[in-house]
Amino acid sequence: MLDDILKNAILILKTLEDNGYEAYMVGGFPRDYVLGIKSDDIDITTNAIPSEVQRIFPNNFFKSIKFQTVTVVMNSYTYEVTTYRTESNYKDHRHPYTKVSTSLKSDIRRRDFTINALCMDKELNIIDYTNGLNDIKNKVIKTVGSPDVRFFEDALRMFRAFRFVSKLNFKIDIETYQAIKKNAHLVKYISKERVKEELIKMLNAPYFEEALPQLIESKILSEYKEIEHALSYLYARYRKVDLILLLSLATFFKGSICEELILSKRERKLLEKIYEYTKLLTSRSFSRESLLDLDIEAFDYSFELMNLLDNLTYNKDDVLDLYYSLPIKSIRDLAVNGMDIKKVFKIKDSPQIGEMLKRALTLVIHSRIDNNAHEIIEELKKEYNG
Ligand code: ATP
Ligand code: MG
């Protein structure tokens with residue numbers, strides 16, 4: 001039984017062939033198919049130029065003119081159909097000059113690793129110009145052509161090598177690995193966004209632990225010292241972490257927010273909160289007050305981080321029990337607000353209002369009084385001789 005995603009890809013190949021063109025599935029899909037790994041993304045390569053692909057498939061949109069890619073929708077499945085191309089004259093070790101080509105072989109030669117250079121026809125036969133099947137069998141990651149040249153052209157490929165180690169638990173071929181070490185300094189040409197994307201993919205893949213020793217040793221992260229430091233720590237006592245936890249570890253070691261990657265607003269806020277909680281936890285000054293307006297996500301991360309640091313001064317369940325036992329969880333839950341205080345105490349806007357609210361909050365969360373307007377006002381009257 002073929003998956004619908006594969007059936008529809010075959011339909012695209014047939015349609016292109018019926019129109020006189022060649023077309024193959026290529027890249028990650030044939031690799032994963034040979035390995036028996038389920039994959040939900042099929043790239044197609046063809047000698048039809050984009051305008052022809054668009055003519056043949058009415059249900060399409062142009063994804064990238066520069067890369068000659070048309071996204072074709074077939075029975076609600078989407079496929080990237082890319083015209084054979086060659087790449088040359090890489091500028092800044094990352095962006096190639098791309099040219100349409102008429103031969104499948106030249107399209108294959110531009111691909112990064114032999115395991116990613118297999119093609120598959122509509123009968124699911126594998127076309128293997130680079131000995132990729134053998135490398136899959138031997139579980140090795142080897143560049144198509146000279147590794148030194150290929151990494152010099154596009155430095156991102158070095159990160160991709162580690163990504164495939166993390167995904168497949170393959171080994172990097174010796175010559176390929178030597179070339180990574182030699183070209184590691186070119187990582188400075190890769191944008192921080194791309195490095196972040198690759199790191200996320202690596203960390204989320206099942207065999208990141210296998211990639212870790214060489215990822216550190218190769219020095220491809222030497223432009224990212226804080227992250228490298230955190231990864232070295234992780235290497236010594238491995239635990240699966242995501243990007244946020246890794247950056248929290250780097251932040252903890254640095255003593256301020258790790259800014260080596262471009263952070264979204266949400267990520268930054270989360271890291272700041274985690275760092276704040278971590279400081280409270282390590283200084284043993286975690287209190288009921290720290291639990292107000294608790295950010296549960298950041299709280300969970302800070303405990304994971306403490307675990308990673310073998311620094312469990314507090315028991316998470318005890319702290320959570322305390323949190324759930326608090327009569328109110330935020331100053332906004334108080335039975336009185338600033339307006340009430342203004343009226344009762346006949347004071348204008350002044351810092352005193354805030355101070356009184358804070359005092360009321362302390363009394364309530366320490367259960368010295370109930371969260372009840374009358375009780376709060378009476379207590380404040382006593383303390384502030386109203
Ligand atoms: P995944 O399963 O993680 O998506 P993939 O092999 O499909 O892996 P993609 O990033 O989706 O990886 O790229 C698709 C294909 O494009 C690759 O298999 C490879 O043939 C080619 N490719 C991608 N990036 C590069 C690159 N920087 N240099 C050369 N070829 C590349
Ligand atoms: Mg892919």
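Each ligand, and each atom within it, is numbered from 1 in the order the structure gives.
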Q.
Does T114 form a side-chain hydrogen bond (donor to acceptor under 3.5 Å, both in side chains) with T130? I'd like the steps, not just the answer.
A. CA-CA 6 Å; T114 61; T130 63; 4.9 Å; no

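- In this structure, the protein non-hydrogen atom closest to atom 6 (O) of ligand 1 is R31 NH1, 2.8 Å.
- Cation-pi geometry between K105 and Y129 is satisfied (NZ or CZ under 6.0 Å from the ring centre, within 45° of the ring normal).
- Under 4.0 Å is where a charged nitrogen must lie from a carboxylate oxygen, and between K273 and E276 at least one such pair does.
- Between the Mg ion (ligand 2) and the N, O or S atoms of D41, the shortest distance is to OD2.
- Considering backbone and side-chain atoms alike, N116 places an N or O below 3.5 Å from some N or O of ligand 1.
- Nearest protein heavy-atom neighbour of atom 17 (C) of ligand 1: R160 NH2, 3.5 Å.
- F61 has its side chain out of reach of V70: every pair of non-hydrogen atoms, C-beta onward, lies at least 4.5 Å apart.
- Ligand 1 lies out of reach of F29, whose nearest heavy atom is not under 4.0 Å from it.
- Here the two rings, on Y233 and F253, have centers that are under 6.0 Å apart.
- Looking from atom 4 (O) of ligand 1 to the surrounding protein, the closest heavy atom is R163 NH1, 4.1 Å.
- S166 contributes a side-chain N or O that, together with a main-chain N or O of F162, makes up a donor-acceptor pair within less than 3.5 Å.
- For ligand 1 and R110, the ligand atoms under 4.0 Å from any heavy atom of the residue are 29 (C), 30 (N).
- Near F164, with a cut-off below 4.0 Å to any heavy atom, the atoms of ligand 1 are 6 (O), 8 (O).
- Under the 6.0 Å cut-off for aromatic ring centres, H93 and F152 qualify, their centroids lying closer than that.
- Here the protein heavy atom with the shortest distance to atom 19 (C) of ligand 1 is D112 OD1, 3.5 Å.
- The single protein non-hydrogen atom nearest to atom 27 (N) of ligand 1 is D154 OD2, 2.9 Å, given as residue, atom name and distance.
- The nearest protein atom to atom 28 (N) of ligand 1, hydrogens excluded, is given as R157 NE, 2.8 Å; this is a heavy-atom distance.
- Ranking the protein heavy atoms by distance from atom 15 (C) of ligand 1 puts R111 NH1, 3.7 Å first.
- Residue, atom and distance of the protein heavy atom nearest to atom 14 (C) of ligand 1 are D43 OD2, 3.7 Å.
- Against a heavy-atom cut-off of under 4.0 Å, K167 is close to the following atoms of ligand 1: 2 (O).
- Sorted by first and then second residue, the side chain to side chain donor-acceptor pair (under 3.5 Å) pairs with a member in residues 362-374 read E289-H366; sequence neighbours excluded.
- Checked for salt-bridge contact, R163 and E197 miss the test: no charged N lies under 4.0 Å from a carboxylate O.
- Close approach of ligand 1 to G28 is summarised as follows: ligand atoms under 4.0 Å from at least one heavy atom of the residue are 5 (P), 6 (O), 7 (O), 18 (O).
- A salt bridge links R111 with D107: the distance from a Lys NZ or Arg NE/NH1/NH2 to an Asp or Glu carboxylate oxygen falls below 4.0 Å.
- In this structure, E87 does not count as a contact residue of ligand 1, since none of its heavy atoms falls inside 4.0 Å of the ligand.
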